[in-house]
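I have placed the structure first, in the form of structure tokens, so that the comments after it can refer back to it.
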Amino acid sequence: MKTIVYLLIGTFFGIIMYKSEAASWFRIYEMFEFGSFHMYGIIGSALVLGVIGIQIIKRFNMKAINGNEMNLKPKNKSVARYAIGGTLFGLGWALAGACPGPMYVLAGAGYLSILIVIAGALLGTFIYGIIKHKLPH
């Protein structure tokens, strides 16, 4: 039953992303050229809603969907880790024309060439899992 709920939520999220043009390569290109506020508005709205959601979870000590306690621990603060990680993420996003969420939306919309990007993302994640113990964290 949970799988069906997750599938429905994911499908609804994908439709919203597609209809709002958040998965559009042209909108993403426009954003990186600072040509339009469209994507910044979507990202900013998601950020504000995320902050509000986390505060509600913390204040009311909410539990996960399976009843487990949520452990929302602060992340280590380091300029280098966020600068390097953000730069790599941004470069990948700019080169691929999509970040992880919209990649699957584009695949679902029938843009099969995005499957190459998804394969690359999965391969990169796999390689990171293998070498992460050798990297500074």
Side-chain angles (χ1 to χ4, degrees):
M1 186 62 180
K2 285 183 186 178
T3 305
I4 292 171
V5 171
Y6 294 145
L7 184 61
L8 290 173
I9 292 170
T11 302
F12 179 71
F13 180 69
I15 291 168
I16 296 296
M17 286 192 72
Y18 189 76
K19 290 295 187 182
S20 70
E21 296 182 354
S24 167
W25 182 88
F26 299 105
R27 286 291 188 182
I28 292 167
Y29 181 76
E30 212 174 41
M31 176 187 72
F32 281 113
E33 283 195 322
F34 300 103
S36 173
F37 182 75
H38 184 87
M39 290 298 290
Y40 294 111
I42 291 172
I43 294 168
S45 299
L47 180 68
V48 169
L49 287 173
V51 168
I52 292 169
I54 293 295
Q55 293 307 312
I56 290 170
I57 289 168
K58 285 181 175 180
R59 293 237 168 98
F60 295 106
N61 200 21
M62 297 175 82
K63 297 193 183 311
I65 199 164
N66 61 4
N68 290 341
E69 190 90 15
M70 284 196 230
N71 296 324
L72 301 174
K73 298 175 185 169
K75 301 281 184 190
N76 294 335
K77 293 185 173 46
S78 165
V79 173
R81 72 186 282 164
Y82 294 112
I84 294 168
T87 300
L88 288 173
F89 183 83
L91 285 172
W93 191 5
L95 289 171
C99 66
M103 288 187 324
Y104 295 99
V105 172
L106 290 169
Y111 296 96
L112 298 180
S113 59
I114 200 72
L115 295 176
I116 296 168
V117 177
I118 292 172
L122 292 173
L123 178 64
T125 303
F126 177 74
I127 292 170
Y128 172 76
I130 292 172
I131 65 169
K132 73 178 178 181
H133 66 279
K134 296 178 182 178
L135 299 173
H137 284 93

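All heavy atoms count here, side chains included; hydrogens, waters and symmetry mates do not. None of these values were measured; they are calculated from a predicted model.
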Do Y104 and Y6 belong together in a cluster built from hydrophobic side chains that touch within less than 4.5 Å?
no
Report yes if the side chains of W25 and L106 come closer than 4.5 Å at any heavy-atom pair, otherwise no.
no
Report yes if some heavy atom in the side chain of N66 is under 4.5 Å from a heavy atom in the side chain of K2; otherwise report no.
yes
State yes or no: do I42 and W93 share one hydrophobic cluster built from I, L, V, M, F, W and Y residues joined by side-chain heavy-atom distances below 4.5 Å, directly or via other members?
yes
Given the rule that I, L, V, M, F, W and Y join up when any side-chain heavy atoms are under 4.5 Å apart, are L135 and I130 in one cluster?
yes
Separation of K132 NZ from T125 OG1 (nearest 0.5 Å):
11.5 Å
Any heavy-atom pair between the side chains of V5 and L8 that's under 4.5 Å?
no
Do N61 and M70 have side-chain heavy atoms sitting under 4.5 Å apart?
no
Side-chain heavy atoms nearer than 4.5 Å, only ILVMFWY residues, links allowed to pass through others: does that put L122 and I127 together?
no
S36 versus R27, closest heavy-atom pair with distance:
OG-NH1, 3.7 Å
If we ignore hydrogens and angles and just use 3.5 Å, is the side chain of H38 paired with the main-chain N or O of S20 as donor and acceptor?
yes
Non-neighbouring partners of Y82 that pass side chain to side chain donor-acceptor pair (under 3.5 Å), sequence neighbours left out:
none
What's the shortest heavy-atom distance between A22 and I28, and which atoms?
O-CD1, 4.0 Å
Aromatic rings F34 and Y40: how do their planes relate, parallel, tilted or perpendicular, breaks at 30° and 60°?
parallel
Kindly work out whether a path of hydrophobic side-chain contacts (I/L/V/M/F/W/Y, heavy atoms less than 4.5 Å apart) joins L47 to I54.
no
I'd like to know whether CZ of F37 has more than 12 heavy-atom contacts from other residues, nucleotides or ligands below 6.0 angstrom.
no
Which atom names give the shortest non-hydrogen contact between P102 and M17, and what distance separates them?
CG-CE, 3.1 Å
I131 CD1: over 12 foreign heavy atoms closer than 6.0 Å
yes
Give a yes or no on this: more than 12 heavy atoms of other residues, nucleotides or ligands lie within 6.0 Å of atom CZ of F13.
no
Nearest heavy atoms of A96 and V117, plus distance in Å
CB-CG1, 3.6 Å
Excluding sequence neighbours, so at least two apart, what forms side chain to side chain donor-acceptor pair (under 3.5 Å) with K58?
none
